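Keep in mind that what you see is a predicted model, and the values were worked out from it rather than measured. Naming: A, B, ... by sequence-line order, numbering from 1 per chain. Atom set for the values below is all heavy atoms of this structure, side chains included, hydrogens, waters and symmetry mates excluded.
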There are 2 protein chains.
Amino acid sequence: MWRVLILRRRGRGPWWHNRFEDFGVRVTEPREVVMEVLLDTEEHLTAADIYVRAHELNPAIGLTTVYRTLDILLQMGIVQKFDFGEGKARYELINNSQSKEHHHHLVCVQCKTIVDYYDFVDEELEFIRKTQDRLSDKYRFHIMDHVISFYGICEKCRMKSQE
Amino acid sequence: MWRVLILRRRGRGPWWHNRFEDFGVRVTEPREVVMEVLLDTEEHLTAADIYVRAHELNPAIGLTTVYRTLDILLQMGIVQKFDFGEGKARYELINNSQSKEHHHHLVCVQCKTIVDYYDFVDEELEFIRKTQDRLSDKYRFHIMDHVISFYGICEKCRMKSQE
DNA sequence: CATCTAAATGAAAATGATTTTCATTATCAA
DNA sequence: TTGATAATGAAAATCATTTTCATTTAGATG
């Protein structure tokens, strides 16, 4: 009988509440707001970006808590952290239907422009799945995500250096 | 006649001297030392690591110059910059026979451990070459390098969270 | 519902990597 | 040799992130 009650309780609220519970952390107001911000964007946000938006929704929230929440979400596998040489990290929800599709990056080492590309995902998927399985097995990792980035020089910079 | 002289001059010294010249920057003592350090290691060094070693070879060299030199080397496509969530970048010569073989990373989002893996490079190569060609073409990038990182939870952390 | 304890919080300080500033020095073409 | 310009190092500034710590909150328990 209590089992039913528990199931009902677990069923309430947004999907991430259970994830928090399973991970052994509390669902709190600031964490809800950070999730809200992440769910409501299509961009890769920095911690500061998230802070600004969260702060609009609830001025009581501090930057420190944003950082702490992001770290928890990262460990839970709910967000992905990107780090492409900007000197700051960017975060994005994984599997958020609202958010961008799965994609990777093309970075110009000269002007630091970052191009998101969505191409060739099918071929990638096959390669990634195979590699991931083998790595998981060999290194006993539970792999949740991956990042592929290409580095080079964009056309504009190439032109410039030919002058 | 002077053409021969110029060719001779270009032929002198280590290979990177011409690269510097072509890129329009001078070959200087501090830059030589940074190159020396990079050529002589198999690790991914941080700017601070490089500074310490360069400083041993020539105490006149400053950290600022190390940063500046690394940025130039990056733009020239001589070094690769890695950025895996440590809060600092790591640098490694590209195509340095001394240096580590081509490899990628497995990052534990919980304990932040980074595992280098060298496996499955052949399958990767095929996938990468194909993708790279198509991206170069479509986005008009001259692609010089790529990074693949997998994120997950290592066995140790998985055990810990099951307690 | 009141109470208690551990978890969570925010502000401020600390840290640490990287960048900027600026006065000085080194390079190299003329 | 010299003059213009690039490169340098030290110190200060910047900026992202983390730590500290006193206070508040969630939620289990009585």
Side-chain angles (χ1 to χ4, degrees), chain A residues 2 5-6 9-10 12-13 17-18 20-35 44-52 54-55 57-76 79 81-91 109 112, chain B residues 2 5-6 9-10 12-13 17 20-35 44-52 54-55 57-76 79 81-91 109 111-112:
Chain A
W2 50 269
L5 281 174
I6 285 174
R9 173 167 290 156
R10 278 183 62 89
R12 271 191 220 130
H17 284 197
N18 293 343
F20 276 56
E21 200 180 300
D22 292 344
F23 195 70
V25 296
R26 293 175 180 169
V27 175
T28 63
E29 168 69 8
R31 290 172 182 172
E32 299 249 40
V33 174
V34 169
M35 279 304 295
H44 320 76
L45 301 178
T46 64
D49 294 337
I50 295 166
Y51 168 69
V52 168
H55 206 260
L57 297 173
N58 181 341
I61 289 166
L63 178 57
T64 311
T65 300
V66 171
Y67 274 105
R68 284 191 282 231
T69 303
L70 287 171
D71 191 56
I72 291 169
L73 294 176
L74 190 69
Q75 289 185 35
M76 291 197 293
V79 304
K81 182 178 180 181
F82 289 100
D83 224 320
F84 13 81
E86 291 176 293
K88 59 192 161 191
R90 291 182 175 274
Y91 299 83
V109 296
K112 324 285 186 205
Chain B
W2 52 269
L5 282 174
I6 285 175
R9 175 167 289 156
R10 278 182 64 88
R12 273 192 218 131
H17 284 197
F20 276 56
E21 202 179 301
D22 293 344
F23 195 70
V25 296
R26 295 176 178 166
V27 175
T28 63
E29 167 69 8
R31 288 172 184 170
E32 298 249 42
V33 174
V34 169
M35 278 304 294
H44 321 75
L45 301 179
T46 64
D49 294 337
I50 294 167
Y51 167 69
V52 168
H55 206 261
L57 297 174
N58 180 342
I61 289 165
L63 178 57
T64 312
T65 300
V66 170
Y67 273 106
R68 284 190 283 229
T69 302
L70 287 171
D71 192 55
I72 290 169
L73 294 175
L74 190 69
Q75 288 186 36
M76 292 198 291
V79 303
K81 182 177 179 181
F82 289 99
D83 224 320
F84 14 81
E86 292 177 292
K88 59 192 160 192
R90 291 182 177 273
Y91 300 83
V109 297
C111 64
K112 325 287 186 202

The answer to which of Val25(A) and Leu63(A) contacts DNA chain C further toward the 5' end, by nearest nucleotide, is Val25(A)
Which part of the nucleic acid does Ala89(B) contact within heavy-atom distance under 4.0 Å: base, sugar-phosphate only, or nothing?
-> sugar-phosphate
Send over the distance from Arg68(A) CZ to dT19(D) C1', rounded to a whole Å.
-> 9 Å
Round to a whole Å and report the spacing from CG of Leu73(B) to P of dA7(D).
-> 13 Å
Lys88(B) atom NZ is separated from dT19(C) atom C1', nearest whole Å, by 18 Å
To the nearest angstrom, how far is Leu74(B) atom CG from dT19(C) atom P?
-> 11 Å
So CZ of Arg68(B) and CG of Leu63(B): to nearest 0.5 Å the spacing works out to 10.0 Å
Just to confirm, is there a sub-4.0 Å distance from OP1 or OP2 of dT9(C) to any side-chain nitrogen or oxygen of Thr28(A)?
-> yes
How many angstroms lie between CD1 in Ile61(A) and OG1 in Thr28(A), if you round to the nearest 0.5 Å?
-> 8.0 Å
May I ask you to evaluate whether Arg31(A) reaches the phosphate of dA8(C), defined as a side-chain N or O under 4.0 Å from OP1 or OP2?
-> yes
Would you give the length of the straight line joining atom CE of Met76(B) to atom CG of Asp71(B), rounded to the nearest 0.5 angstrom?
-> 10.5 Å
For the pair made of CZ in Arg26(A) and C1' in dT24(D), what is the distance, rounded to whole Å?
-> 11 Å
From the options dT19(D), dT8(D), dT20(C), select the nucleotide whose nearest atom is closest to the side chain of Pro30(B).
-> dT8(D)
Phe23(B) CZ to dA7(D) P, straight-line distance once rounded to whole Å | 10 Å
Rounded to the nearest 0.5 angstrom, the NE2-CZ distance for His17(A) and Arg31(A) is 11.5 Å
Residue whose closest nucleotide on DNA chain C lies nearer the 5' end, Arg90(B) versus Val27(B) = Arg90(B)
Just how far, in rounded Å, is P of dG16(C) from CG of Asp49(B)?
-> 15 Å
Report which part of the nucleic acid Ile61(A) touches: base, sugar-phosphate, or nothing (heavy-atom distance under 4.0 Å, all strands).
-> sugar-phosphate
Would you kindly give the OH-to-C1' distance between Tyr51(B) and dT18(C), to the nearest whole Å?
-> 14 Å
Report yes if a side-chain nitrogen or oxygen of Tyr67(A) is closer than 4.0 Å to either non-bridging phosphate oxygen (OP1 or OP2) of dT18(D); otherwise report no.
-> no
Quick one: does Arg90(A)'s side chain get under 4.5 Å of Asp49(A)'s, heavy atoms only?
-> yes
